[in-house]
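For reference, the structure discussed in these notes is given below.
By convention in this document, chain letters (A, B, ...) are assigned in the order of the sequence lines, proteins followed by strands, and residues within each chain are numbered from 1. Side chains included, hydrogens not; waters and symmetry mates left out as well; all remaining heavy atoms used.
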Protein chains: 2
Amino acid sequence: MSVTIKQVAERAGVSVATASRALSGGRGVREANREAVLRAADELDYKPNAVAAALRSRTTRTIGMVVPVISNPFFSTLVEAVEREAELGERGLLLATSHYDPEAEARRLRTLLDRQVDALIVIPCHQERSREAFEAAARRVPAVQLDLSVDGTTASWVGVDNGAGILHLVDHLVERGARSLAYIGSEPTDSSARDRLDGYRRAAARCPGPADRVLLGDFSLEWGRGAARRLLDEGAPLPDGVVCGNDTIALGVLRELSAGGVRVPADVMVGGFDDIPFAALAEPALTTVRQPQDRLAAEAMRTVTDMLEGGAEPNRRVAVVPELVPRASTAR
Amino acid sequence: MSVTIKQVAERAGVSVATASRALSGGRGVREANREAVLRAADELDYKPNAVAAALRSRTTRTIGMVVPVISNPFFSTLVEAVEREAELGERGLLLATSHYDPEAEARRLRTLLDRQVDALIVIPCHQERSREAFEAAARRVPAVQLDLSVDGTTASWVGVDNGAGILHLVDHLVERGARSLAYIGSEPTDSSARDRLDGYRRAAARCPGPADRVLLGDFSLEWGRGAARRLLDEGAPLPDGVVCGNDTIALGVLRELSAGGVRVPADVMVGGFDDIPFAALAEPALTTVRQPQDRLAAEAMRTVTDMLEGGAEPNRRVAVVPELVPRASTAR
DNA sequence: GTGAAAGCGCTAACAC
DNA sequence: GTGTTAGCGCTTTCAC
């Protein structure tokens, strides 16, 4: 029914081998033949069958990606950046979600491998329970963890240097005159949460005054409000600067402080992490640490394509240092 | 290198044909043989090669999806919902982006077809210039337009009934006592923008007072602020209710009105469209029209799978009526 | 219910 | 440079 390479070859008066060569790069084919093949393909409206090519060449030019959810703006930006990278390398992106369920994640990985993806880029959904399936997959094809990393593995990972990001933020607040700090973040249930908390504890030493107030909940706006309310209700003097574990928390803090009559940044400065789209639109606009999603995606793709091509070392861990984005919420 | 069905068959003491049948459903295979095959597959850690199956069976169990961008929260929610639907049907999702470039979109469609996707779900990026490539693709496999529709085609489409949504909103405002209305939206550069504008013009008749103030720009927060400022600067009495073309505009309107000392909803009520994640978190929380993304995705998938299976009519146009979400910004 | 055999459309040896 | 040939791993007739 559909035009095959055989018909193209016949029309061009060459063998299928020559037609194949001409159609894929054309190296090692006499110019006249190359043109004849291309013309024939064009005239017949030939559409190559990538599935047949994949079966024979044992490469699908497809990257498999598994993410916890797509609608989370941080993840969707990463998916978009990875898709762009795949596109640049003329590869397709087979996308699957784990919905934060390690078993679903394991199933998705298996399906993607059955479909013979050339490599995998995974945002693991669970610190411990994602390890086994990820490592099993990584044994079969080049694979890299993106953003989050599972515990106790030396498998490749590309993410942001959370500690360095928090340090940027603390330094910035101290520079702007903060003499006391507090941290409002998430319980260390994933590697990012843990690294940010650890980063804050280390960075706190750079603060000239007290910086040991640490409130831990989850990554939600509600928790940000709750924690800020707790600070307000304590009656103790408020810290000069509040470092938040992410922007959503920071937005909650901003809202609750403002409801409590505290002015930001005049009375208290607030900083977040991630630079979600709404950070710039908040009132006041939120100072934050920007996740360099494009860099992350590019590094992740490079990690797997290097393994694919050169057979580079399979245990590369890349921590990209993020950038501080100063805005009104810390403008003194 | 990898275990093939042939080895499974040998170990189970049956032919590859029987092994194949046992592994895919097991209908028409004696129970004992079925079990032997499954056990052999398990023992050998057999992984089916989906590419080989696809080549032979001429079906990849893969849906191709093309969207303008992924990071737009509205699109990312749609991608997520489509992915879930694909998963339910045990299909994979090959995702590509057009970056709002009709030529890139056409190339992506061709690549997806080369990869033999079983069907296509497309959010076309351009009202006119997306038509040709989409229709060409739709001639080859079941295809449906999602959300946006190109002009002058009878090809399948699934989206929201924008006119009905705006009507909901206008009725709601009038019910809450609005006697005059204004519309702040986008120039009709895509089918949604046009349908919402047309919807407003029709619905305006239900307003007891003047409702002919219409301000058109783009779908941005900045435009929302700009338009609100214009309303404030005109000196004319403000409308009781402002209908916005989307939530982002509405958020801008909210911000500018509040900056101008206008109280929402006491002085002016404001309603948006889409129910983006931040709508509920705004101050005041934004009344809006919720896009039923899950329904849209399910209908889109049903449209293509019906065509795939039964060969249902290839020109189904489904407009899902959206739901009003009343919140504080219209609470009188 | 089962097996033998014929490909799906393409690429990659290998010989010329 | 080019053609011949042999599959890639699977599903699907078609006999039995």
Nearest to side-chain heavy atoms of B/A52, which nucleotide of D/dT2, C/dT11, D/dG9: D/dG9

Nearest-Å distance for atom pair CD/P, residues A/E35 and D/dG1: 15 Å

Sidechain-backbone polar pair: A/S130 side chain, A/C125 backbone, donor-acceptor under 3.5 Å: yes

Pair A/R61 + B/D114: basic N to acidic O under 4.0 Å: no

Separation of atom CZ in B/R34 from atom P in C/dG1, rounded to whole Å: 13 Å

Sugar-phosphate, base or nothing in reach of A/V51, heavy atoms under 4.0 Å: nothing

Sugar-phosphate, base or nothing in reach of A/A17, heavy atoms under 4.0 Å: base

Distance test, side-chain N/O of B/S20 to OP1/OP2 of D/dT11, below 4.0 Å: yes

C/dG9 OP1/OP2 closer than 4.0 Å to side-chain N/O of A/T4: no

Length of the line joining B/K6:NZ and D/dG7:P, which is rounded to integer Å: 10 Å

Closest to the A/R21 side chain, choosing from D/dC10, D/dT2, C/dC10: D/dT2

A/R91 and A/T305: side chain donor to acceptor below 3.5 Å: no

Which nucleotide in D/dC8, D/dT5, D/dT2 has an atom nearest any side-chain atom of A/R58: D/dC8

Over all atoms of both residues, closest heavy-atom pair of B/V150 and B/P124: CG1-CB, 3.7 Å

Donor-acceptor pair (no angle test) under 3.5 Å: B/R56 side chain, C/dG9 base: no

Atom-to-atom span, NZ of B/K47 to P of D/dC8 - whole angstrom: 20 Å

B/R129 bridged to B/E105 by N-O distance under 4.0 Å: no

From D/dC10, D/dT12, C/dT11, nucleotide with atom closest to A/A53 side chain: C/dT11

Minimum-distance nucleotide to B/S15 side chain [options: C/dG3, C/dG1, D/dT11]: C/dG3

Gap between atoms CD and P, on B/E10 and D/dC10 respectively (whole Å): 13 Å

Under-4.0 Å side-chain N/O to phosphate OP1/OP2 contact, A/S57 with C/dT11: no

Ion pair check, A/E299 and A/R302, cut-off under 4.0 Å: yes

Residue whose nearest DNA chain C nucleotide is more 5′ - B/E31 or B/L55: B/E31

Phosphate OP1/OP2 of D/dT2 contacted by A/N33 side-chain N/O (<4.0 Å): yes

Interatomic distance, B/L23 CG vs D/dT11 C1' [rounded to whole Å]: 12 Å

d(CG, B/D114; P, C/dG9) in whole Å: 14 Å

Whole angstrom value for the distance that separates C1' of C/dG7 from CG of A/N49: 14 Å

